[in-house]
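Every chain is numbered from 1, with letters handed out A, B, ... down the list of sequences.
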Amino acid sequence: MDVTGLSLTTITLFLPMVGLAILLFMNGETQKANLKWVAFATSIVTFVASVLMWINFDPGTSELQMVQRNTWAEVSLGESVINISYFVGVDGISMLLVLLTTFIMPISILGSFGSHIFEERGREKLYYIFLMLLEWSMIGVFVVHDLIIFYVFWEVTLVPMYFLIGIWGSEERIYAAVKFFLYTMAGSILMLIAILYVGNRAGTFSTYSAGGDIGVIERVQTWEGEGTYWDAADPEAAGEEAGFLLNSVESWLFLGFLVAFAIKVPIFPFHSWLPDAHVQAPTAGSVILAGVLLKMGTYGIVRFNLNLFPEATVAWAPTIAFLGVVGIIYGAWVSYAQDNVKKLVAYSSVSHLGFVVVGIFALNAQGLQGATLQMVNHGISTGGLFLIVGMLYERWHTKEMADYGGVWKVMPLFGAISLVISLSSMGLPGLNGFIGEFTILLGSLGSDYLGFAFTLFATLGVIMAAVYLLKMFQHVFMGELKKPLSSEEGYKLSWSEKAAFIPIIIMIFWMGIQPIVFFNMLDVSVDSIVALFVR
Amino acid sequence: MFESPTIAEFLAQSNLASTLPGILLLAWTLILVLVDLFAGEEREHWTPVAACIGLGISFVANAFVYSPAEGEQIALYGMFIADAFTGFLNMVILVATLIAVLMSWDYLKRADIHRGEYYILALISSAGAMFMVAANDLIIIFVALELLSIPLYILAAFRSIKNDGSELSLKSEESGMKYFILGAFSSAFLVFGAALVYGATGATNIPQIFSMAGGIVGGTSAAAFYLLIGAALLVVGLGFKVAVVPFHMWTPDVYEGAPTPVTAFMSVTAKVGGFAALLRVLITGLSVLVLAEGEAAAWQSTTTIIAILTLVLGNFVAISQRNLKRMLAYSSIAHAGYIMVAVAAAGAAHVADAATQSALVYMMAYMFTNLGAFAVVMAIEREDGSGGNIDDITGLAKTRPLMAMAMTFFMLSLTGIPLTAGFVGKFMIFSSAIQAGLIGLAVIGVLTSVVSAFYYVRVVVNMYLRDSAVDAQPALETPYVRWAINISLAGTMIFGIFYPLATNLVSMVSIV
């Protein structure tokens, strides 16, 4: 059944495309000054639309809300007819991540208002077009509930990000851009095979049931035996061999999806593209990359791996959570060793996302809620950190920590803001980071699937985060000023820089002091997923 | 045998009307000869214009003859078949020829080899391809293949008519000669295969082969053996035409040496014709060729191996190419590999239709994208043939932003990134491979497309991310060439974004 009529989700999704269309028809030379305003206005309107969604959102149901579903194509494959549909809607998890996306976007646009990159590389019009395309595809990833269309959005995010890094990045940009493109494409293309397999077998690509049509999630549950993995050929016989993890189709499909997401997150052994991409990307690129793009991976794990393959999830949970813990410690360790401040922040992402992975694979309500909240927290605080690094670079043109020192003395406001954001990233109680990490640790402690050791080593990560972030803060902001700027004017924060920080600071305190607002959004949606794993 | 009929009876029985698109095009070329003869020097542009009109007429006739409501029609006593398969591929061939003609006009003038014969040969060749996709008989397949190929041999060597001893004209001559010898060689395989199949089944008509083969297969007679050998030789013969590994050796040299519009043209029409015949022979005729009861067709394993070899070799060798034409030549080998995946999938009876449809969509996507890419390469090539290296497109985004954007979309489409036609084709092909249970093949297919991303993305890197030291001014960016690029771009994007458009066009196709 089709749920037609324009839903608010669709409107929010396609608003960036409106901005893109306007930008396309503007003249890149004569209207240069207006380009950024069009992009900024579009992102603000999109943000307002997503807040409207939030107002309309009913946290009391786990059903998708603001749904729109139109049949997109009917493919006859052999005997069966397979529906691909434009199917959008939000539950609590999607809602929160859509808000994060639309929140980060205007900030990153503000962050590039006065940037020097346009003086060097020009092509401002193209830059904002790619930002709009990126926003469109990121929102798409979070609201679409059809596997094929999801894959389309997922892959499309690659293209603008590739160009953002490649055209406006720093010295090693081409290497970083190509590595980013190939690495993430290699992961996601295997997901395509898994998607085609699941969809062909289920006879539909819609993940959720809508109207009279049964979605993949519901269909898959009928394939599940008691504690057995389903198998393509013979579900009965498959159970006998289920002892061996790799011996079932479900397990392979789980991995097919997981590798795509793990590269995006990135989970520990798949992280090597991230430092390159982060360090070379322009500030807005880094903010979006850390703020939103990485969350697509963790979101995908929650939405698809957990829902579609619960049995395999249970079997793999300790392994993946172990990789998560390794990521926490490894990321923190490597981060501490960096001399390059942008690299330090980049590796801190590996560490923070490790927490999210542990939270997800705790497979209980606290773990998942904490993980989802931590996705948002990390988006805000690491996004903020990248903004800070970007503004430092705009002034001093270096990323080496050794060249800095004493910035607080000349830029006290900037120093104070940076301190708050660093503390939030560390997980100081009262600020947002604490809530997410604490809930995750609580979840992993109470998990049926993870042992005490996971909690213990993850907690170490919290301490190590304090170590490397304080090291960064001390080197950059404390001590004597090593390299004074040529003019006093340089120390002033421009209005757009101040404006970019205000919402970040507000969110840091709001989420830290009143997290219940956000937990309420997630409660019911998370419970419906966790119900699959209650023993 | 039938008694010789009167002309009226012949016309009534032969159902000539359903062969109209091909015959009209062939007849039009005769008019073209006269036009070219009397047009004279000052009005030499009449020939290409007339060629375009001919293509248009044939296109309209095709739309009438193959409307889905008509169902399939047999013409000329079973020699031709007019069904949705034929109709769809006719469209692909006609659009490809149109784009190729648009590309040729200024190229030929600049190279000073502008002769009316060029268009006549191109039209004959595409008429041959149209007969090939309609062929329902091994003999017609052979005749159509020659009609398709012989003009291509001449076209490949077309640059040498100037005979100035320059490297370009020598290369072109070499290209035509190589293509001719290997083409003739492969035709011999095809004919020998057809002879063996005829010997085994007593039929050259494909549906008859199907009904006869059912009785032979599974028996212990020598006929089953000859049928198997015959089928293998048919695959070899057609494999040469579509350039799959290990029958691909001629491709890079021929593609590089031939005039660029000819390369673009033959990289599409020869493949479309060859794959159409291959699908028709294998699916319609030999799907009963199984070694054991209940198994997939015997040729599935062969085609699977060919597909894997083609994908791996085509994609990996393309990485090391610096010349764009050579790179596109190897990439076209790789794309033949993807279509071969669909052929292999069709070996499982229950996905034969889905696999055929996916092959057709892929060919259409490939047609638009590949012609577009060749058109851009042609536009930046300089008169002496230089300027076609990967370094020569450096900084194109600054000097020619629209052309660089078009090339970017072509490269993304060849890689198979969503929202382009290439993704739709790949998606359908892998989907049918998974339906057929060939998951390993599908995995190899997607992994090699990651490899292909490497060299396609390099083109984009050079255009956008590097600044050029030399002026990357396109050497041949005329309105006609721009039109060729625009049509290709429109096809690539429209069929990529409006996915149902492609699937609806092929939804009636069934050649089982």
S.K.: So what's closer than 4.5 Å to chain A heavy atoms on K426(B): side chain, backbone, both or neither?
M.R.: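 For K426(B), there is no contact with chain A at all, as no heavy atom is under 4.5 Å.
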S.K.: Specify the closest pair of heavy atoms between L182(A) and V450(B), including all atoms of both residues, with the distance to one decimal.
M.R.: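 Residues L182(A) and V450(B), closest heavy atoms: CD2-O, 3.9 Å.
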S.K.: Less than 4.5 Å to any heavy atom of chain A: does that hold for the side chain of V451(B), its backbone, both, or neither?
M.R.: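 Neither; nothing under 4.5 Å.
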S.K.: Between T415(B) and M185(A), is there a side-chain heavy-atom distance shorter than 4.5 Å?
M.R.: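 Yes, side chains in contact.
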S.K.: For the CZ atom on F316(B), are there more than 12 heavy atoms of other groups (residues, nucleotides or ligands in this structure) within a distance under 6.0 Å?
M.R.: no
S.K.: For S449(B), is it the side chain, the backbone, both, or neither that has a heavy atom closer than 4.5 Å to a heavy atom of chain A?
M.R.: both
S.K.: Between V156(A) and P418(B), which heavy-atom pair has the shortest distance, and what is it?
M.R.: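 Smallest interatomic distance, heavy atoms only, reads CG2-O, 4.1 Å.
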S.K.: Looking only at heavy atoms and a cut-off of under 4.5 Å, which of G199(A), A186(A), G256(A) has the most pairs with chain B?
M.R.: A186(A)
S.K.: About how many Å separate CD1 of I434(B) and CG of N200(A), when rounded to the nearest 0.5 Å?
M.R.: 6.5 Å
S.K.: Tell me which of these, V457(B), V446(B), N504(B), has more heavy-atom pairs under 4.5 Å with chain A than the rest.
M.R.: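 Between V457(B), V446(B), N504(B), the count favours V446(B).
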S.K.: Looking at L501(B), L447(B), I417(B), V506(B), which makes the most heavy-atom pairs under 4.5 Å with chain A?
M.R.: I417(B)
S.K.: Where does L126(A) contact chain B at under 4.5 Å (heavy atoms): side chain, backbone, both or neither?
M.R.: side chain
S.K.: If you count heavy-atom pairs under 4.5 Å between each of F181(A), W154(A), Y162(A) and chain B, which one has the most?
M.R.: Y162(A)
S.K.: Flag yes if more than 12 heavy atoms outside F14(A) fall under 6.0 Å of its CZ atom; otherwise flag no.
M.R.: yes
S.K.: Any chance you could measure S431(B), atom OG, to I195(A), atom CD1, to the nearest 0.5 Å?
M.R.: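 S431(B) OG to I195(A) CD1: 11.5 Å, rounded to 0.5 Å.
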S.K.: Just so I know, are the side chains of F163(A) and T408(B) near enough to count as touching, which here means a heavy-atom distance under 4.5 Å?
M.R.: yes
S.K.: Using a cut-off of under 4.5 Å on heavy-atom pairs, state which of F454(B), F430(B), Y464(B) scores highest against chain A.
M.R.: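 Highest number of heavy-atom pairs under 4.5 Å: Y464(B).
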S.K.: How long is the straight-line distance from CD1 of I84(A) back to CZ of F427(B), given to the nearest 0.5 Å?
M.R.: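 Answer for the CZ-CD1 pair, F427(B) versus I84(A), is 4.0 Å.
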S.K.: Just wondering, are more than 12 heavy atoms of other shown residues or ligands nearer than 6.0 Å to CD1 in I497(B)?
M.R.: yes
S.K.: Can you check whether W252(A) reaches I439(B) side chain to side chain, under 4.5 Å on heavy atoms?
M.R.: no
S.K.: For the residue pair Y151(A) and F423(B), does the interplanar ring angle fall in the parallel (under 30°), tilted (30 to 60°) or perpendicular (over 60°) class?
M.R.: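 The rings of Y151(A) and F423(B) lie parallel, inter-plane angle below 30°.
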